[in-house]
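The model shown is predicted, which means the values in this text are computed figures rather than measured ones. In the text below, chain A, chain B and the rest are named by the order of the sequence lines, each starting its count at 1.
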2 protein chains.
Amino acid sequence: MKAKIGDVASRAGVSPTTVSRVLNNRGYISQETKDRVYKAMNELNYFPNDLARSLFNKRTNLIGLIVPSTSNPFFGELSFHIENICASMGYKVMLCNSLNQIDKEESYVNMLMRNQVDGIIAAAHYNREILSYNKQNIAVVAIDRYLSNTIPVVGSDNYAGGKMATELLLSRGCRTIVHINGPLELDTPARLRRNAYEEVMAGYGKQPIIYEVNDLFNQEDQRTTVRRIFDECPEVDGVFASNDLQAASFISEARRRGKSIPNEIKVVGYDGTESALMLLPELTTIRQPIPLIAQSAIDLLIKEIEGQFGDLPHETYLPVELVEGSTA
Amino acid sequence: MKAKIGDVASRAGVSPTTVSRVLNNRGYISQETKDRVYKAMNELNYFPNDLARSLFNKRTNLIGLIVPSTSNPFFGELSFHIENICASMGYKVMLCNSLNQIDKEESYVNMLMRNQVDGIIAAAHYNREILSYNKQNIAVVAIDRYLSNTIPVVGSDNYAGGKMATELLLSRGCRTIVHINGPLELDTPARLRRNAYEEVMAGYGKQPIIYEVNDLFNQEDQRTTVRRIFDECPEVDGVFASNDLQAASFISEARRRGKSIPNEIKVVGYDGTESALMLLPELTTIRQPIPLIAQSAIDLLIKEIEGQFGDLPHETYLPVELVEGSTA
DNA sequence: CTGAAAGCGCTTACAG
DNA sequence: CTGAAAGCGCTTACAG
């Protein structure tokens, strides 16, 4: 059986109180007692039950992480960095893949609350407001997504990124530039990429052409959209895709149709994950500062957990970077 | 404040016992009482504290997942599937990125034990035995990795995969085939890929040429190895890489050196993740059945959790599939 | 410097 | 069909 604090206590000839004290390094304990207790813990292979501790402390050091799917390289890398930083700060991470489905997300939020998480980091491309986030008063930080006007949002500087991408394509002489994005009705910060595209295009007196992919995680949806672009808009000579997988999908279809990239069509992606850049190093893309996004989200969350709600910025946009490959 | 079971009880005019009963659907309760309790729970926005429940039940429905890093597409996808299946079965997942560092892994195991996880799924490329796994008697399943002779291992059929890859290269006429793998000294099932390569080569009277990458997750290590291959073995005309990122790294270097693929050099990867196939669709590779690996690992783990140790297979190898791209 | 007691929020025998 | 009591494994005032 698992040893508990009482077992350690009797073996060391002290009270459970004392064992707890040496465990938590609280109060004064004679060195001799300490040694006896440590010895007993070792002999019994004792390790404390964090459930019991947390129950008493009303603090779990657990945070819930909701991402659409760690299969997507952006969220896979984001999850890695978030968990990694959390671990270094003594926080544990419960992973939730919402697949951007609102019902899943709601039940995850519920589950996390029941597990008494200290806070939640919610990342997703879209989804309307989730009531549960407001009902309970728990620390929440959103990544690239507006959840409510009290929940801080962290993300890349989407506007700057969209602007960079569009301007690059224009500067390379593209005349018909298509932008591929998620559904319009969603009011996410990622929409700023689209806004930037539209405004830059307008500034050059050009007509924006936007294609929407219903489900950014659905390969089939992506392909269908790409095919539609070629069919409906054969004069396309520039594409700003909302993520790298989408850009890759476009590039493949272009090759299949014998269109040369970047000669005939230039393509810029978004995200710039390590995986994408290893697998498709020629891709020109806008790199999101994933480690920085992770760090900022955690910093904000911890401030919330510690009760500093007042002075938190509602929106934090971190700088993006143009990765110059050879597709544009 | 958060409502607790006593609050619900007094508002519904019953005892906490009764509330607990309706919560758990245990014993006989009159419909009228049930309704009153549900009403009170709603009004108070009550949700049970799983910490307290778990403490009593000695069951958390929590499983620990240790992967090297979700940044790697293979483990990102594996994590997704594992969490997804777990969620559908009422299990929660605590994510741990070990980076294949033994000290990190040990402290994760410790943390997981303190959190009373019901079981652990440990995936990693390498690492010697971890004592902690044996010290405690807890349910553990390993993915592509030998932890001890009592811990079940799940993985792809590495031998078949290695054979397929090597035979494909031979059948395409390659004469100098290099295999890139992790450090030799590690006794992982992934080593079977290497064994298969060696045996097939021997069968054709060919000399195996193996290059080892120290840290499979280090891009720099990968590149260095790739460059060494070109420098030391310029006659190479076939490569079987131990994973797709490595294959991609080789392909990039080949392009940089003006070597045409597949004309001058043919390349086969391993893993066949969705991301890799979207970003580098021309890659020829051996696809691991990731969803099946996830499912099998969970099935085994749950059997262990439920005490069925006896009849569990020590090794489970799931079928791989050749993805015919155009790099070989 | 150390211990007995109460309590964190639940659940389950045991009674009735 | 329902409740009072004890206990899951800890920690923290409160005493001494």
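Comparing B:Val14 and A:Leu51 against DNA chain D, the residue whose closest nucleotide sits nearer the 5' end is B:Val14.
When side chains are defined from C-beta on, B:Met111 counts as touching B:Cys96, because their heavy atoms get closer than 4.5 Å. B:Ile66 is listed as a side-chain neighbour of B:Leu112, based on a closest heavy-atom distance under 4.5 Å. Under the 4.5 Å side-chain criterion, counting only non-hydrogen atoms from C-beta, B:Gln288 is not in contact with B:Leu318. Inter-residue side-chain proximity for A:Tyr317 and A:Val154 is flagged as unmet; no heavy-atom pair is nearer than 4.5 Å. With a 4.5 Å cut-off on side-chain heavy atoms, B:Pro152 and B:Thr316 do not count as touching. B:Leu62 has its side chain out of reach of B:Tyr91: every pair of non-hydrogen atoms, C-beta onward, lies at least 4.5 Å apart. Contact of the A:Arg11 side chain with the A:Leu44 side chain is registered, since non-hydrogen atoms from C-beta on lie closer than 4.5 Å.
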Original post:
Reading DNA chain C 5' to 3', what string of ( ), [ ], | and . shows its pairs, if Watson-Crick and G-U wobble pairs count only when both distances fall under 3.5 Å?
Top reply: |||.||||||||.|||
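Residue-level contact check: A:Asp50 touches neither bases nor backbone, having no heavy atom under 4.0 Å from any strand.
Nearest to the side-chain atoms of B:Lys4 among the listed nucleotides C:dG9, C:dT12, D:dC10 stands C:dG9. Side-chain proximity of A:Asn57 to D:dG9, C:dT11, D:dT11: nearest is D:dT11. Among D:dT2, D:dG9, D:dT11, the nucleotide with an atom closest to any side-chain atom of B:Lys58 is D:dG9.
Checking B:Asn100, B:Asn97, B:Ile143 one by one against B:Val67, the side-chain contact (heavy atoms from CB on, under 4.5 Å) holds for a single residue, B:Asn97. B:Tyr46 pairs with exactly one of B:Asp7, B:Val37, B:Leu23 by the side-chain contact (heavy atoms from CB on, under 4.5 Å) rule, that one being B:Leu23.
One atom, CG of A:Asp7, and another, P of D:dG9, lie 9 Å apart when rounded to the nearest Å. Straight-line distance from the CG atom of A:Leu55 to the C1' atom of D:dT11: 11 Å, rounded to whole Å. Atom CD1 in A:Ile5 sits about 11 Å away from atom P in D:dT12, given to the nearest Å. When rounded to the nearest whole Å, the span between CZ of B:Phe56 and C1' of C:dT11 equals 4 Å. D:dG9 atom P lies 18 Å from atom CZ of B:Arg53, rounded to whole Å. Atom-to-atom, CZ of A:Phe47 to P of D:dG9 comes out at 12 Å; the value is rounded to the nearest Å. Atom CG in A:Asn25 sits about 12 Å away from atom P in D:dT12, given to the nearest Å. Rounding to whole angstrom units, CG of residue B:Leu44 and P of C:dG9 are separated by 14 Å.
Close to C:dC8, at under 4.0 Å from its OP1 or OP2, lies no side-chain N or O of A:Ser54. Taking 4.0 angstrom as the limit, A:Ser20 places a side-chain polar atom (N or O) nearer than this to OP1 or OP2 of D:dT11. Phosphate contact (OP1/OP2 of D:dT11, side-chain N/O of A:Arg26, threshold under 4.0 Å): absent. For D:dC8, neither phosphate oxygen OP1 nor OP2 lies less than 4.0 angstrom from any side-chain nitrogen or oxygen of A:Asn49. For A:Thr18 and C:dG3, the shortest distance from a side-chain N or O to OP1 or OP2 is below 4.0 Å. Note on A:Thr33: every side-chain N or O is 4.0 Å or more away from OP1 and OP2 of C:dC1.
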Which atom pairs link the protein and nucleotides 14-16 of chain C when you take only N or O atoms and keep those under 3.5 Å?
none

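Checked for salt-bridge contact, A:Glu105 and A:Arg145 meet the test: a charged N lies under 4.0 Å from a carboxylate O.
Side-chain atoms of B:Ser15 and base atoms of D:dA4 include no donor and acceptor less than 3.5 Å apart.
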